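Okay, structure first, notes after.
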Amino acid sequence: MRTSVEVFKTNVVNRPVAAKLVMCLEALLLHAKVNFDLEDCDHILRVEAPRMIDVALVRDCILRHGYEAEPLR
């Protein structure tokens, strides 16, 4: 089985918000591993899953919480 990975640039800057978003995304994307690197200048969100990741679903979840996420290519 091939693992899918998506990396996003975000405007999330604090750990409590990041933790809340991780919980939300892991509930939406079953079996996904979600984490933030807030030390990076782009405040990176990384999503790894055993199947294809719905980028629009990730962006919408982040947007509903008042933040932005853009895929890095």
Side-chain angles (χ1 to χ4, degrees):
M1 185 184 313
R2 192 167 171 206
T3 301
S4 181
V5 176
E6 291 289 342
V7 179
F8 299 83
K9 175 181 179 177
T10 76
N11 63 346
V12 176
V13 295
N14 68 55
R15 296 206 181 283
V17 169
K20 182 177 181 178
L21 291 170
V22 165
M23 289 189 329
C24 176
L25 288 167
E26 287 180 342
L28 286 173
L29 305 167
L30 299 179
H31 308 293
K33 294 179 185 175
V34 181
N35 63 61
F36 278 88
D37 179 358
L38 300 182
E39 301 299 319
D40 185 273
C41 65
D42 288 328
H43 310 288
I44 295 296
L45 165 62
R46 185 174 189 275
V47 180
E48 181 179 339
R51 62 183 67 151
M52 192 160 170
I53 298 164
D54 185 341
V55 171
L57 184 68
V58 173
R59 290 180 70 207
D60 289 346
C61 176
I62 301 294
L63 188 60
R64 278 195 313 267
H65 287 88
Y67 295 89
E68 297 175 3
E70 291 298 323
L72 287 178
R73 298 284 176 222

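All of these numbers come straight from a predicted model, not from anything done at the bench.
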Got L25 and L45 here, is their nearest side-chain heavy-atom distance under 4.5 Å? yes
So which heavy atom on E48 is nearest to which on T3, and how close? CG-CG2, 3.2 Å
Same cluster (ILVMFWY, side-chain, under 4.5 Å), F8 and V17: yes
Are R15 and E39 within salt-bridge range, i.e. N to O under 4.0 Å? yes
Test your reading of the model: is there a side-chain donor-acceptor pair from N11 to the backbone of E68, 3.5 Å cut-off? yes
To the nearest 0.5 Å, tell me how far M52 CE sits from E6 CD. 7.5 Å
Smallest heavy-atom separation, H65 atom then C24 atom, equals CE1-SG, 3.7 Å
Check whether any side-chain N or O of T10 sits under 3.5 Å from a backbone N or O of H43 as a donor-acceptor pair, and report yes or no. yes
Which atom pairs, donor and acceptor, lie under 3.5 Å between side-chain atoms of residues 55-63 and protein residues at least two apart or in another chain?
unit_1: R59; atom_1: NE; unit_2: A69; atom_2: O; d: 3.0
unit_1: R59; atom_1: NH2; unit_2: E70; atom_2: OE2; d: 2.8

Evaluate the side-chain contact (heavy atoms from CB on, under 4.5 Å) criterion for residues I44 and V7: first the C-alpha distance (whole Å), next the side-chain angles of each, then the deciding distance (0.1 Å), finally the verdict. CA-CA 7 Å; I44 295 296; V7 179; 3.6 Å; yes
Side chains of V47 and L29: does their closest heavy-atom pair fall under 4.5 Å? yes
If you take all heavy atoms of V12 and L38, which pair is closest and at what distance? O-CD2, 3.3 Å
Under the side-chain contact (heavy atoms from CB on, under 4.5 Å) rule, what do V5 and R46 come out as? Steps first, then yes or no, please. CA-CA 7 Å; V5 176; R46 185 174 189 275; 3.8 Å; yes
Does one hydrophobic cluster hold both V13 and Y67, with members joined at side-chain heavy-atom distances below 4.5 Å? no
dist N35:CG -> E26:CD (nearest 0.5 Å) comes out at 9.0 Å
